[in-house]
Amino acid sequence: MRLNRPESPRFDRPGAASGSASDRPDEALSADARRADDKPGPVLELGPRVRRLRKAAALTLDGLAERSGVSRAMLSKVERGEKNPTLAVVTRIARGLGTSLSGLMGAESDAAPVATRRVDQRLSFRDSETGFERHVLSPAHAESGVELLLHVIPPGMSSGWLPTYEGSVEKHLIIQEGRLSVEIGAMVHRLAAGDSFYFQIREPYRFINETDERCSYYCVIVRRP
């Protein structure tokens, strides 16, 4: 499948509807998805964190390259802040460091029975090549084994091929806006706003927006022991 990249990706927003969005859950969720690029949370400072985690794991650049499948040259440029890697590369680096992408982004577990993450506190990553956005919504991570994310894909763009995880990992998707194609191995599953989708991560996969309108969807990751 070949995707043509538009000259200027659009982040269109529908006009405001009359009435209170809080009275209509679907519209409230849609408004929340549109706010993702209005009030971004802290953006990942990748280089220093990769270097810190690599040294904490007693790994050389060559060792991390072998574990992640990312070249030593690329890792060196990322650590020095000379290269903004794609989502697929960042995911491989996280896997090589033995952490989740959210963990690499700086997400810390919160054992409190009640926790809140405000919209301006979201940890966010934006792929500089494609505009793919990943926003961490859930306050807690490691202990529960569950993460809630918001993904936004500009028109004609893709996440790139994402690798498998260690252990058993499942993803649940709820399409909030636009249309999404999920390519898993040789199969392509096409979804529209309001659809939900579940899959177990057993082989490489990618998320694709084949349309000329932006797509946003919620993603729940479940990691099982």
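Numbering starts at 1 and runs along the sequence shown.
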Chi angles and distances behind the side-chain contact (heavy atoms from CB on, under 4.5 Å) call for Arg179, Ile175: CA-CA 7 Å; Arg179 293 178 176 273; Ile175 314 306; over 6 Å; no
Closest non-hydrogen atom pair between Glu183 and Ile208, with its separation: OE1-CD1, 3.5 Å
Value rounded to 0.5 Å, distance of CE in Met74 from CD in Glu82: 11.5 Å
Heavy-atom side-chain contact between Ile153 and Phe207 under 4.5 Å: yes
Straight-line distance of Ser71 OG to Glu66 CD, nearest 0.5 Å: 14.0 Å
Between Arg72 and Ser76, a side-chain donor and acceptor under 3.5 Å: no
Worked verdict on Met187 versus Tyr205 for side-chain contact (heavy atoms from CB on, under 4.5 Å): CA-CA 9 Å; Met187 297 291 295; Tyr205 63 99; over 6 Å; no
Distance in Å, Lys83 NZ paired with Ser128 OG, rounded so as to fall on 0.5 Å steps: 7.5 Å
Distance-minimising heavy-atom pair for Thr164 and Ile201: CA-CG2, 3.9 Å
Arg202 atom CZ: more than 12 heavy-atom contacts under 6.0 Å: no
Non-hydrogen side-chain atoms of Pro155 and Glu213 separated by less than 4.5 Å: no
pair Leu46-Pro85: side-chain heavy atoms closer than 4.5 Å: yes
Validation row, ring centre His151 to ring centre Phe132 under 6.0 Å: yes
Side chain to side chain, Val50 and Leu64, heavy atoms closer than 4.5 Å: yes
Val169 and Gln200: CA distance, side-chain angles, deciding distance, side-chain contact (heavy atoms from CB on, under 4.5 Å) verdict: CA-CA 6 Å; Val169 181; Gln200 297 179 359; over 6 Å; no
For the student: nearest non-hydrogen atoms of Arg117 and Leu123, plus distance: NH2-CD1, 4.4 Å
Partner set under ring pair (Phe, Tyr, Trp, His ring centres under 6.0 Å) for Tyr165, not counting sequence neighbours: none
Minimal non-hydrogen separation, Ser216 against Val152, with atom names: CB-CG2, 4.2 Å
Arg51 (side chain) donor-acceptor with Glu79 (main chain) under 3.5 angstrom: yes
Tyr198 side, atom OH; His189 side, atom NE2 - distance, nearest 0.5 Å: 13.0 Å
CG-NE2 distance between Leu148 and His172, expressed to the nearest 0.5 angstrom: 11.5 Å
Euclidean distance, Leu150 CG relative to Ser138 OG, rounded to 0.5 Å: 11.5 Å
Side-chain H-bond candidate by donor/acceptor type, Glu210 with Ser181, under 3.5 Å: yes
Sub-4.5 Å side-chain heavy-atom contact between Leu137 and Arg122: yes
Leu61 atom CG, neighbour heavy-atom count above 12 within 6.0 Å: yes
Side-chain heavy atoms of Val136 within contact of Leu149, under 4.5 Å: yes
Arg134 versus Ser102, side-chain donor and acceptor atoms under 3.5 Å: yes
Atom of Thr116, atom of Gln121 and distance for their closest heavy-atom approach: O-OE1, 4.2 Å
Salt bridge Arg223-Glu147, side-chain N to carboxylate O under 4.0 Å: yes
Please tabulate, for side-chain N and O atoms in residues 90-99, each donor-acceptor pair with protein atoms closer than 3.5 Å (sequence neighbours left out).
unit_1 : atom_1 : unit_2 : atom_2 : d
Thr91  : OG1    : Leu87  : O      : 2.8
Arg92  : NH1    : Ala88  : O      : 3.3
Arg92  : NH1    : Trp161 : O      : 3.3

Aromatic centroids of Tyr217 and Phe197 separated by under 6.0 Å: no
Non-hydrogen side-chain atoms of Val220 and Lys171 separated by less than 4.5 Å: no
Residue list, side chain to side chain contact (heavy atoms under 4.5 Å, CB included) with Ser168, at least two apart or on another chain: Arg224
Residues Ile184, Phe199; criterion side-chain contact (heavy atoms from CB on, under 4.5 Å); working and verdict: CA-CA 9 Å; Ile184 305 172; Phe199 67 105; 3.7 Å; yes
Pair Thr211, Asn209: side-chain N/O donor-acceptor within cut-off below 3.5 Å: yes
